[in-house]
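All remarks here apply to the structure that follows.
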Amino acid sequence: MLLRMSSLFVRTLREAPADAELPGHQALVRSGYIRRAGSGLFSWLPLGYRVLRNVERIVREEMDRIAQEVHFPALLPKEPYEATGRWEEYGDNLFRLVDRRGNDHLLGPTHEELFTLAVKDLYSSYKDLPLSLYQIQTKYRDEARPRAGLLRGREFLMKDSYSFDLDDDGLEASYQAHRDAYIATFDRLGLEYVIVSAMSGAMGGSRSEEFLCPTPVGEDTFVRSPGGYAANAEAVVTVVPDAAPIDEAPPAHVEDTPDTPTIETLVAVANDRFPREDRPWVAADTLKNVVLMLTHPDGTRTPLIIGLPGDRDVDLKRLEAHLAPAEVAPFTDADFAAHPTLVKGYIGPQVLGADSASGIRYLVDPRIVAGTRWVTGANEPGRHVFDLTCGRDFTPDGTIEAAEIRAGDPAPDGSGPLELARGIEIGHIFQLGRKYADALGLQVQDEQGKLVTVTMGSYGIGVSRAVAAIAETTVDELGLCWPAGIAPADVHLVLAGKADDIVAGAERLAAELVEAGCTVLFDDRLKERPGVKFKDAELIGVPHIVVVGKGLAEGTVEIKDRASGQRDDVGVDDAVTEIVRRVGAAR
RNA sequence: CGGGAUGUGGCGCAGCUUGGUAGCGCACCUGCUUUGGGAGCAGGGGGUCGCCGGUUCGAAUCCGGCCAUCCCGACCA
């Protein structure tokens with residue numbers, strides 16, 4: 001394959017458009033790989049489309065080992081999504097449209113419904129399972145705020161697959177097969193990744209892991225421990241301290257603490273009027289009770305109070321992940337008026353809990369275990385209670401992971417402090433269970449002739465996003481820098497000069513490389529000066545840059561490694577062999 | 001959806017305060033010179049200044065409304 005720069009549909013830009021923020025995105029636009037077509041919409045130009053297809057090819061090759069490829073419509077009828085409730089649940093993120101007959105349609109954000117129905121359509125026996133199907137399809141989400149170029153567009157290319165099994169063991173095997181396939185895929189893509197435990201989110205289901213590509217420009221926060229534990233921030237499990245003996249705790253006592261509606265003021269007053277002997281009071285000694293109002297999918301509202309150490313804020317994402325599908329809102333003044341037992345700023349757990357005076361459900365941070373002693377509200381203005389002991393003076397209804405995660409928190413695997421990092425979600429695998437099969441009636445007969453509901457898994461790889469992730473993690477000050485196999489070409493051959501023998505030499509080398517099986521991007525432009533071509537070659541980021549120019553007089557051409565910048569002169573007669581060797585080695 | 005900002009040739013920007021009929025760099029076209037790190041000189045093409053309305057003899061500039069886009073947050077692959 002030979003691509004001639006003289007006729008390639010590309011124009012490199014010296015400056016990036018103002019709407020491109022991330023370095024990789026800027027480089028993709030500057031080098032003429034993609035163009036913005038609208039908010040969150042991108043056109044793929046020849047170089048970019050070659051890269052996209054390379055990524056797609058690798059994904060497809062690895063998926064073909066474990067699943068069968070199909071292709072379903074991107075434009076979908078409403079009915080299946082109504083049956084599963086997602087027509088409503090997806091809300092404004094769903095692209096909806098109406099056909100000329102007035103029927104509602106949607107542009108698929110993901111395809112669980114269609115795959116489930118397709119299997120239901122054709123299969124009805126346990127003998128047909130297990131089954132895994134996948135597609136590589138354009139997906140649509142009407143993002144509230146598209147951003148970061150290809151990383152969060154409104155149209156994107158995604159590989160999604162779905163597994164169908166008779167039982168939990170089968171699902172686990174299908175899940176594991178996908179996990180292995182993803183590892184192989186991302187290894188081949190040359191993408192660094194971390195596999196983190198995740199919440200399955202609004203889709204329902206149990207086990208779930210994300211593949212995150214670590215980079216500061218990523219929008220997901222995750223943690224990792226020295227011992228290898230890694231989790232999405234939403235899914236981090238708090239280390240539970242040992243319970244302390246209750247009888248050692250001094251009795252609780254209520255004290256006057258005027259004007260202390262916040263943790264900060266409370267700590268100050270406590271140190272001023274009730275100093276500790278061993279050390280000053282700190283926010284972590286206090287128990288903060290946050291009042292929330294939950295709205296359930298059926299529209300009912302119930303209050304919920306969350307107790308957590310006073311030095312921690314509630315992490316809304318974590319909280320909502322654990323309360324889904326209920327939605328969380330702060331308590332309003334009207335809500336306080338309706339619950340007179342709650343004294344704003346001085347709420348204490350003595351009146352909280354399903355069986356208590358208020359009857360309000362009370363969940364606490366897992367660190368609040370039996371025997372721990374707290375300074376907390378006395379349920380009257382200007383007064384707090386000290387040495388209130390969990391398990392003796394109050395009993396929560398349960399625990400909840402709602403507190404923010406901090407760097408340095410102990411890791412669940414006991415291997416040391418957690419480190420916080422950012423990453424791009426490039427893959428997500430999870431066990432859906434029977435949510436969709438139930439909703440859509442996907443059942444097969446088992447060996448006894450009994451109908452059983454199929455259990456499913458769902459697995460995604462963001463193909464266009466993977467391109468962006470590779471660009472963001474490999475870009476340098478000169479431009480793009482693709483891994484072999486992803487790059488739009490194997491070799492970027494630069495014709496540096498206009499003399500007949502140089503032109504002829506470069507043309508011959510290009511032809512020989514193509515003959516040897518290389519894809520060659522040949523900068524044969526006679527009107528451009530060498531400096532421009534060198535800059536363009538570095539910007540475009542093909543792994544091997546070969547320069548045919550003034551060295552030819554001494555019988556050499558230059559081979560440059562884009563990533564390292566290493567340059568080597570090799571004899572003209574050895575050039576093809578050496579280049580092919582390098583291309584082959586890199587593959 | 002809250003907060004902030006911006007819309008002027010393909011890209012990056014100036015002009016707007018103080019109204020007078022649009023400019024600079026890059027890119028593009030022609031010619032000459034140059035030719036190993038985004039060349040120089042000369043000439044040239046391309047813009048209803050986001051849209052609608054208002055004020056005015058006259059609006060890119062002032063006023064009102066709308067739209068779009070980007071950034072932070074909320075939300076999300």
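Convention: sequence-line order gives letters A, B, ...; per-chain numbering from 1. Because the structure is predicted, anything quoted here is derived from the model rather than measured.
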Check the interface with nucleotides 42-45 of chain B: list each N/O to N/O pair with the protein under 3.5 Å, or write none.
none

For nucleotides 23-25 of chain B, list the nitrogen or oxygen atoms of the protein found under 3.5 Å from its nitrogen or oxygen atoms, one pair per line.
residue: B:G25; atom: N2; partner: A:Glu15; partner atom: OE1; Å: 3.3

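By the side-chain hydrogen bond (donor to acceptor under 3.5 Å, both in side chains) test, A:Glu15 is found to be paired with no residue, residues two or more places apart in sequence or in another chain being considered. Applying the ring-ring contact (aromatic ring centres under 6.0 Å, His included) rule to A:Tyr33 yields the partners A:Trp482; only residues at least two apart in sequence or on another chain are considered. Legend: residues meeting salt bridge (charged side-chain N to carboxylate O under 4.0 Å, His left out) with A:Asp19, ordered by chain and number and at least two apart, are A:Arg36. Take A:Arg57 and apply the side-chain contact (heavy atoms from CB on, under 4.5 Å) test, not counting sequence neighbours, and it matches A:Asn54, A:Glu61. Qualifying salt bridge (charged side-chain N to carboxylate O under 4.0 Å, His left out) partners for A:Lys533, counting only residues two or more places apart in sequence or in other chains: none. In this structure A:Phe522 satisfies the ring-ring contact (aromatic ring centres under 6.0 Å, His included) test with no other residue, sequence neighbours excluded. Scored by the salt bridge (charged side-chain N to carboxylate O under 4.0 Å, His left out) test, A:Asp92 finds no partners at all (sequence neighbours excluded).
Contacts classified as ring-ring contact (aromatic ring centres under 6.0 Å, His included) and involving residues 50-75 of chain A (residues at least two apart or in different chains) are given here: A:Phe72-A:Phe115. Evaluation of the ring-ring contact (aromatic ring centres under 6.0 Å, His included) test over residues 6-26 of chain A, restricted to residues two or more places apart or in two chains, returns A:His25-A:Phe42.
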> Using a cut-off of 4.0 Å between protein heavy atoms and nucleotide atoms, how would you tag nucleotides 70-76 of chain B 5' to 3' with B, S and -?
Replying inline: SBBBBBB
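Nucleotide B:C16 forms no Watson-Crick or G-U wobble pair with any nucleotide shown, as no partner meets the under 3.5 Å limit on both distances. With a cut-off of 3.5 Å on both pairing distances, B:G47 has no Watson-Crick or G-U wobble partner at all.
Here A:Phe211 and A:Phe186 bring their ring centres to under 6.0 angstrom of each other.
You'll find that the side chain of A:Arg529 is closest to B:A39, out of B:C29, B:G36, B:A39.
For A:Ser163 and A:His178, the side-chain atoms include no donor-acceptor pair closer than 3.5 Å.
Mapped onto RNA chain B by nearest heavy atom, A:Phe534 and A:Glu528 fall at different nucleotides, with A:Glu528 at the one closer to the 5' end.
Between the C1' atom of B:C26 and the CG atom of A:Leu13 lies a distance of 9 Å, rounded to the nearest Å.
Looking at A:Arg11, its side chain has no donor and acceptor atom pair within 3.5 Å of the base of B:G38.
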